[in-house]
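Quick notes on the structure that follows.
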Number of protein chains: 4
Amino acid sequence: MTPSPKTFENLPEEKRRRVLDEATVEFAEHGYHQASVNRIVDRLGIAKGSLFKYFGNKQGLFEHLFGRAVAGFKKPLKEIRDTSGLTFFERIERSLVAGCRFVEDHPQLYRIYLKMLFNENFPLRERFLGEIRGAHAKYLRRLIEDGIQAGQLPADLDTDTAVFTLHAVMDRFFQDHAVPPLDGEPSEPAALPDKARSLAEFLRRGLAATPSQE
Amino acid sequence: MTPSPKTFENLPEEKRRRVLDEATVEFAEHGYHQASVNRIVDRLGIAKGSLFKYFGNKQGLFEHLFGRAVAGFKKPLKEIRDTSGLTFFERIERSLVAGCRFVEDHPQLYRIYLKMLFNENFPLRERFLGEIRGAHAKYLRRLIEDGIQAGQLPADLDTDTAVFTLHAVMDRFFQDHAVPPLDGEPSEPAALPDKARSLAEFLRRGLAATPSQE
Amino acid sequence: MTPSPKTFENLPEEKRRRVLDEATVEFAEHGYHQASVNRIVDRLGIAKGSLFKYFGNKQGLFEHLFGRAVAGFKKPLKEIRDTSGLTFFERIERSLVAGCRFVEDHPQLYRIYLKMLFNENFPLRERFLGEIRGAHAKYLRRLIEDGIQAGQLPADLDTDTAVFTLHAVMDRFFQDHAVPPLDGEPSEPAALPDKARSLAEFLRRGLAATPSQE
Amino acid sequence: MTPSPKTFENLPEEKRRRVLDEATVEFAEHGYHQASVNRIVDRLGIAKGSLFKYFGNKQGLFEHLFGRAVAGFKKPLKEIRDTSGLTFFERIERSLVAGCRFVEDHPQLYRIYLKMLFNENFPLRERFLGEIRGAHAKYLRRLIEDGIQAGQLPADLDTDTAVFTLHAVMDRFFQDHAVPPLDGEPSEPAALPDKARSLAEFLRRGLAATPSQE
DNA sequence: CATGAATGAGCGTTCATTCAT
DNA sequence: TATGAATGAACGCTCATTCAT
């Protein structure tokens, strides 16, 4: 009856991993409401009651699972932010590659994130998305400010708009990297590093010139 | 078993509109699978059997409703494509505004589109997304080619990448226009026309320079 | 609201025939309860209300349709009963052939009859089956009595048992003629006339000897 | 989606029996499609979900229930086939009695079998009927061959026709034993043993003479 | 602590029948 | 007279959740 998250923590590491992995796949494939606790326990071969003992209910399971993942969404950013001796555009390029790497390494988590983006009924959506977006915005703002200070970006750049645009373009870059194109679409115009460099160059030009050059 | 779309066509205009509006709201709020035919008919105050007479089944209802919408997605593009005497960037700017106008006029349809984007289980997803994306890609390609011919874009521009980037940025522009920002986020940095001009200018710079200028 | 069978009688002959034929096929394929009035009117291309005006309700339609058919079930018997100059076994043989001819000419009606046989929920089952069986029993009894009088059957034959047995065997003969054998079964060991003669011969021997001959 | 027949096997014997009995009655009374899972669970006083956990779906319930019955259809035959020291006709007589006993002991299963006979839409019909008919045909063929070897049947008997005829007559014998005669029909001309002996004698004569004696 | 049988509201869907036009 | 839109009970089935063992 009590959620008792202690129970789950006491499980052997291997089993804990399997439980979370299987559940992640289910949520990634079906979203939250269409995900079926029945299917999860069936695939795991454990009793239904056990899962509810561990996490209280479906939402508890999701919260546990995705809460741990949120940290993962932030990690690649930190590593790059702490690099020194790189220009703004090199950092953007590395961010693109690092983000794609994360998407490749944790495709299921990214699929959940994408489903959560536009599904207002996803539980804890506000909290999780807020955390992720906040971290990314903060990261990008920091990068831009560093870039301005280093003279790599025009001093009169509108930081808010730049954050928005960078965020938008980069997010979309990851999306296209993760989601298989529809049938018949021209897929994979180039390999990842080339695509990243190409986009970084594009952004460089977009941001570099002073807006008053008109 | 008896789809009989005739039945629906024979209904008085006002009722037809109410049915489609209510159903659209339901799909917009809950996506496809979580949308409830029960809720729809309850809100409409009609019998469940009636809805199934009109559209055969849930998917038929969705197909009818969203199929009509797809045409709406394409219309604003056509109008701009047929303008003459405008530069490439003026056209992009108008596209952004027109797209936002559509999103504002049909917020529920756009919400459905967004939910469909990352939910692989959405029925008819491939068909509808393919149609929409195809139309947009074709439209953008045309714009870019016109721009090159008019000397407003560099002749050696990689058209494929340009289409991809334009599409990505514009799509995201509409998304941010449509989806209310999460609590506490800095919302609405600027009014629509300013945002559109600002982004168009950004894209102008990104595309204008020749990539070989390095 | 009123059944108003007059309405149907006033229809042009051709339309009346189509309505009954289509309905007969539906009942033959699905039995009574699984038969769908929707499907019938769809195939006919007439309004649902019309059918209910004609026959009041589903049962009225079935009653009309099968009531007319019952006469058909009796007709072949009468023709043979009125033959003279034929022996008992020749008459049996002709009955078998005539019955098979009827089954071939009206396969849908016979399928309905077979479905009715063991489905107690068929409406009007008692009345229709009673009529058909009664006519057949009366017919067979007459044949047997004629046969005894003509010295073609033993005088001490138990008429009741003979009627039962004849009825059973002949009915089954028609069933096997009508119902396609299951996959892989040895079908069609012989053509109809041979089968009929063979069975008549078998019955001849079964009935001919006096039971006391042991 | 989770058939899980384990669940049902784990139930206490008494409950398992009640569930199957109640379901059998429902199918016997209404056939497959008109049988109502709702009615079954209402009579049982259990939740609807439980039944679906046990058998996956309606067809699974029917398959379980009737699959077990099919074995029962074959058992009485085996016992007689393995008797020795009995003549062909004694074996036929015993078969008739044993078959009737089975029909009396399991009237609901036999009613299902009869409904299945002429209802082409019965699920699993081909499989179940094929199994039953196959076993019976094999059994009768064996009996006839034994009878020929023992000199109790003419050596030149057409085995195929004999199997068909025996099968037809015996099947019909059971049917008349099981199905209550229609109102007003002369019922029960004799008790079972007498009827069986009488029919066996009839068959003896039908088969005994050589067909060439004409 | 794990189990898994039980629950019952909810789902999408079908149907014979009614009745205003 | 013919129409066909409207009805709503019933269908087979799924689900997250509970709790006695």
Side-chain angles (χ1 to χ4, degrees), chain A residues 1 4 6-8 10-11 33-42 46-61, chain B residues 1-2 4 6-12 15 33-41 45-61, chain C residues 1 4 6-8 10-11 33-42 46-61, chain D residues 1-2 4 6-12 15 33-41 45-61:
Chain A
M1 183 155 287
S4 174
K6 281 287 276 298
T7 309
F8 185 63
N10 292 339
L11 253 42
H33 284 102
Q34 283 303 110
S36 160
V37 175
N38 275 334
R39 276 194 297 257
I40 294 173
V41 297
D42 281 358
I46 69 172
K48 212 183 304 194
S50 298
L51 211 64
F52 282 87
K53 264 277 184 291
Y54 301 157
F55 305 106
N57 54 25
K58 190 182 181 179
Q59 179 167 329
L61 166 60
Chain B
M1 188 144 288
T2 37
S4 179
K6 276 280 285 299
T7 305
F8 186 64
E9 301 306 330
N10 291 343
L11 254 42
K15 180 166 185 183
H33 291 289
Q34 282 305 111
S36 161
V37 175
N38 279 340
R39 275 194 299 257
I40 295 173
V41 297
I46 66 172
K48 216 188 302 196
S50 297
L51 210 64
F52 283 90
K53 261 279 179 286
Y54 301 158
F55 305 106
N57 54 28
K58 189 183 182 179
Q59 180 167 326
L61 166 60
Chain C
M1 181 153 287
S4 174
K6 281 287 276 298
T7 309
F8 185 63
N10 291 340
L11 253 42
H33 285 102
Q34 284 303 110
S36 160
V37 175
N38 274 335
R39 275 194 298 258
I40 294 173
V41 296
D42 281 357
I46 67 172
K48 213 186 301 197
S50 298
L51 212 63
F52 282 87
K53 264 278 184 289
Y54 301 155
F55 305 107
N57 55 24
K58 190 181 182 180
Q59 178 168 329
L61 166 60
Chain D
M1 191 145 285
T2 38
S4 179
K6 276 280 285 300
T7 304
F8 187 63
E9 302 306 329
N10 292 343
L11 253 42
K15 180 167 185 182
H33 290 289
Q34 283 304 110
S36 161
V37 174
N38 279 341
R39 275 195 298 257
I40 294 174
V41 297
I46 67 173
K48 216 189 302 196
S50 296
L51 210 64
F52 284 92
K53 261 279 181 286
Y54 301 158
F55 305 106
N57 54 29
K58 189 183 182 180
Q59 181 167 327
L61 167 59

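Numbered from 1 within each chain, the chains take letters A, B, ... in sequence-line order.
- Proximity of D:Ser50 to D:Lys53: side-chain heavy atoms (C-beta onward) are nowhere separated by under 4.5 Å.
- Comparing C:Gly49 and B:Ser50, the nucleotide of DNA chain F nearest to each residue sits closer to the 5' end for C:Gly49.
- Residue D:Lys15 places at least one side-chain N or O under 4.0 Å from the OP1 or OP2 atom of E:dA6.
- Taking only side-chain nitrogens and oxygens, D:Lys58 comes nearer than 4.0 Å to OP1 or OP2 of F:dG12.
- In this structure, A:Tyr54 does not reach the E:dC1 phosphate: none of its side-chain N or O atoms is under 4.0 Å from OP1 or OP2.
- Toward the 5' end of DNA chain F, the nearer of the two residues B:Ala47 and D:Gln34, judged by each one's closest nucleotide, is B:Ala47.
- Rounding to the nearest 0.5 Å places CG of B:Leu11 at 8.5 Å from CD1 of B:Ile46.
- Side-chain N/O atoms of B:Ser36 include one lying less than 4.0 angstrom from OP1 or OP2 on E:dC11.
- Remark: P of F:dC15 and CZ of D:Phe52 are 13 Å apart, rounded to the nearest angstrom.
- Note: D:Leu51 CG to D:Asn57 CG = 10.0 Å, rounded to the nearest 0.5 Å.
- Annotation: side chain to side chain donor-acceptor pair (under 3.5 Å) contacts of B:Asn38 (sequence neighbours excluded): B:Lys48.
- Although no hydrogens or angles enter the test, the distance criterion places a donor-acceptor pair under 3.5 Å between the side chain of B:Lys58 and the main chain of B:Ala35.
- Atom CG of C:Asn57 is separated from atom P of E:dT18 by 8 Å (rounded to the nearest Å).
- In this structure, C:Ile40 atom CD1 and E:dT17 atom P are separated by 11 Å, rounded to whole Å.
- The CD1 atom of C:Ile46 sits 11 Å away from the P atom of F:dG4 (whole-angstrom rounding).
- Put simply, B:Thr7 has no side-chain N or O that comes within less than 4.0 Å of OP1 or OP2 on F:dG4.
- Straight-line distance from the NZ atom of B:Lys53 to the C1' atom of E:dT14: 9 Å, rounded to whole Å.
- Evaluation of the side-chain contact (heavy atoms from CB on, under 4.5 Å) rule for C:Gln34 yields C:His30, D:His33, D:Gln34 as partners, not counting sequence neighbours.
- Minimum interatomic distance between A:Phe52 and A:Val37 (heavy atoms only, all atoms of both residues): CE1-CG1, 3.7 Å.
- Scanning DNA chain E for stems, defined as runs of 3 or more consecutive Watson-Crick or G-U wobble pairs whose donor-acceptor distances all fall under 3.5 Å, gives the following ranges: E:2-21 with F:2-21.
- In this structure a side-chain-to-backbone donor-acceptor pair under 3.5 Å is missing from D:Lys6 to D:Tyr54.
- An OP1 or OP2 oxygen of E:dC11 is reached within less than 4.0 angstrom by a side-chain nitrogen or oxygen of B:Asn38.
- With rounding to whole Å, A:Phe55 atom CZ is found 11 Å from E:dA2 atom P.
- Dashed line: the shortest gap from a side-chain N or O of B:Asn10 to OP1 or OP2 of F:dA5 is under 4.0 Å.
- We find that CZ of A:Phe8 is positioned 11 Å from P of E:dA2, with the value rounded to whole Å.
- Counting any heavy atom pair closer than 4.0 Å across all strands shown, A:Lys48 reaches a base atom.
- What separates NE2 of A:His33 from P of E:dG10 is a distance of 14 Å, to the nearest Å.
- Within the nucleic acid shown, A:Leu11 comes within 4.0 Å of sugar-phosphate atoms alone, with no base atom in reach, counting heavy atoms only.
- Along DNA chain E, the nucleotide closest to D:Leu51 and the one closest to C:Gln59 are compared, and the more 5′ of them pairs with D:Leu51.
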